[in-house]
A.B. asks: 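Quick one: structure below, then a few questions.
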Amino acid sequence: DTEVTQTPKHLVMGMTNKKSLKCEQHMGHRAMYWYKQKAKKPPELMFVYSYEKLSINESVPSRFSPECPNSSLLNLHLHALQPEDSALYLCASSQGRWDQPQHFGDGTRLSIL
Amino acid sequence: GNSVTQMEGPVTLSEEAFLTINCTYTATGYPSLFWYVQYPGEGLQLLLKATKADDKGSNKGFEATYRKETTSFHLEKGSVQVSDSAVYFCALNRWGGKLIFGQGTELSVKP
């Protein structure tokens with residue numbers, strides 16, 4: 001059982017829709033991450049939050065907007081996405097130290113029509 | 001820069017065969033090394049880790065040893081099962097950096 005919970009598991013949306021992905025962890029981790037993963041490829045880092053503040057934005061288009069309401073929750077707001085944004089979106093958390101592993105959720109499978 | 005190189009897949013083995021997935025890295029300093037596994041339709045699960053040279057990580061019959069002299073962290077298992085079929089990612093992290101993944105190796109185990 002994963003300790004990082006993501007909802008929804010699947011999402012289909014049109015290019016004009018607005019939707020949000022949610023992530024929750026209760027391990028007391030202080031760092032949370034969003035990744036994008038295409039089939040059979042490694043995850044690509046999108047955003048990092050450390051102590052609820054955005055610390056890394058990997059030049060992600062503004063149609064993706066992250067939010068960290070508190071230390072346990074992470075959201076990714078989606079608006080005006082493109083078909084190439086269809087992918088598996090993974091959330092992860094960690095203690096924040098570089099020598100500690102990141103723990104991943106099962107992801108949200110996003111399809112853009 | 002920092003990078004991780006894994007052997008290309010897919011790797012196809014018969015049940016109870018010996019598994020080796022090669023992983024080599026390039027990094028300054030002393031990175032921490034990880035193996036993650038991704039089963040179909042799921043996220044990544046940490047399989048094992050090693051934080052310093054000569055450390056051996058082990059879990060569920062899988063092992064990997066941090067070899068600084070050869071900059072390697074090869075994954076091994078003595079007897080694979082059908083349930084081990086998945087994609088395996090080698091990764092590194094170092095102070096001030098971010099988690100860097102290899103390209104992944106798909107393993108298929110046949111009965």
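Chain identifiers are assigned alphabetically (A, B, ...) following the order of the sequence lines, protein sequences preceding nucleic acid strands; residue numbering begins at 1 within each chain.
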A.B. asks: Can you list the residues of residues 45-59 of chain A that sit under 4.5 Å from chain B, counting heavy atoms only?
C.D. replies: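 Within residues 45-59 of chain A, the residues under 4.5 Å from chain B are A/Leu45, A/Glu58.
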A.B. asks: Got more than 12 heavy atoms from elsewhere within 6.0 Å of NZ, B/Lys68?
C.D. replies: yes
A.B. asks: Could you tell me which of B/Lys52, B/Lys49, B/Gln45 has the largest number of non-hydrogen atom pairs under 4.5 Å with chain A?
C.D. replies: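 So the answer, after comparing B/Lys52, B/Lys49, B/Gln45, is B/Lys49.
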A.B. asks: Does anything in residues 79-92 of chain A reach chain B? List residues with heavy atoms under 4.5 Å apart, or say none.
C.D. replies: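 At a heavy-atom separation under 4.5 Å, chain B is reached by A/Leu88, A/Leu90.
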A.B. asks: State the CG-CG distance between B/Leu92 and A/Asp99, to the nearest 0.5 angstrom.
C.D. replies: 13.0 Å
A.B. asks: Do the side chains of B/Phe62 and A/Phe104 join up, straight or via other hydrophobic residues, at under 4.5 Å, putting them in one cluster?
C.D. replies: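 No; tracing contacts between hydrophobic side chains, which count when under 4.5 Å, never links both residues.
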A.B. asks: Using the rule that Ile, Leu, Val, Met, Phe, Trp and Tyr join whenever any side-chain heavy atoms are under 4.5 Å apart, tell me whether A/Leu76 and A/Val4 fall into a single cluster.
C.D. replies: no
A.B. asks: What part of B/Glu42 is in contact with chain A, defined as an atom under 4.5 angstrom from a non-hydrogen atom: side chain, backbone, both or neither?
C.D. replies: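 For B/Glu42, heavy atoms of backbone and side chain both lie under 4.5 Å from chain A.
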A.B. asks: Is there a path from B/Phe73 to B/Leu47 through hydrophobic residues (I, L, V, M, F, W, Y) whose side chains come within less than 4.5 Å of each other?
C.D. replies: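 Linked, B/Phe73 and B/Leu47 end up in one cluster.
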A.B. asks: In terms of heavy-atom proximity below 4.5 Å to chain A, should B/Gln38 be classed as side chain, backbone, both, or neither?
C.D. replies: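 For B/Gln38, the side chain is the part near chain A, not the backbone.
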A.B. asks: Output the option from A/Ser94, A/Gly107, A/Pro101 having the highest count of non-hydrogen pairs under 4.5 Å with chain B.
C.D. replies: A/Pro101
A.B. asks: Please flag which part of B/Leu44 lies under 4.5 Å from any non-hydrogen atom of chain A: side chain, backbone, both or neither.
C.D. replies: both
A.B. asks: Should B/Val37 and B/Met7 be regarded as members of a common hydrophobic cluster, given that ILVMFWY residues are connected when their side-chain heavy atoms come within less than 4.5 Å of each other, either directly or indirectly?
C.D. replies: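 Yes, same cluster.
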A.B. asks: Is any residue of residues 9-39 of chain A within less than 4.5 Å of chain B by heavy atoms, and which ones?
C.D. replies: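 Listed by number, the contacting residues are A/Tyr35, A/Gln37.
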A.B. asks: Residues of residues 10-36 of chain B under 4.5 Å from chain A (heavy atom pairs)?
C.D. replies: B/Tyr30, B/Pro31, B/Ser32, B/Phe34, B/Tyr36
A.B. asks: With clusters defined by side-chain heavy atoms of hydrophobic residues (ILVMFWY) lying less than 4.5 Å apart, directly or transitively, does A/Ile112 cluster with A/Leu78?
C.D. replies: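 Hydrophobic grouping puts A/Leu78 with A/Ile112.
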A.B. asks: If you compare all heavy atoms of A/Pro42 against all heavy atoms of B/Gly102, which two are closest, and at what distance to 0.1 Å?
C.D. replies: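 Smallest interatomic distance, heavy atoms only, reads CB-O, 3.4 Å.
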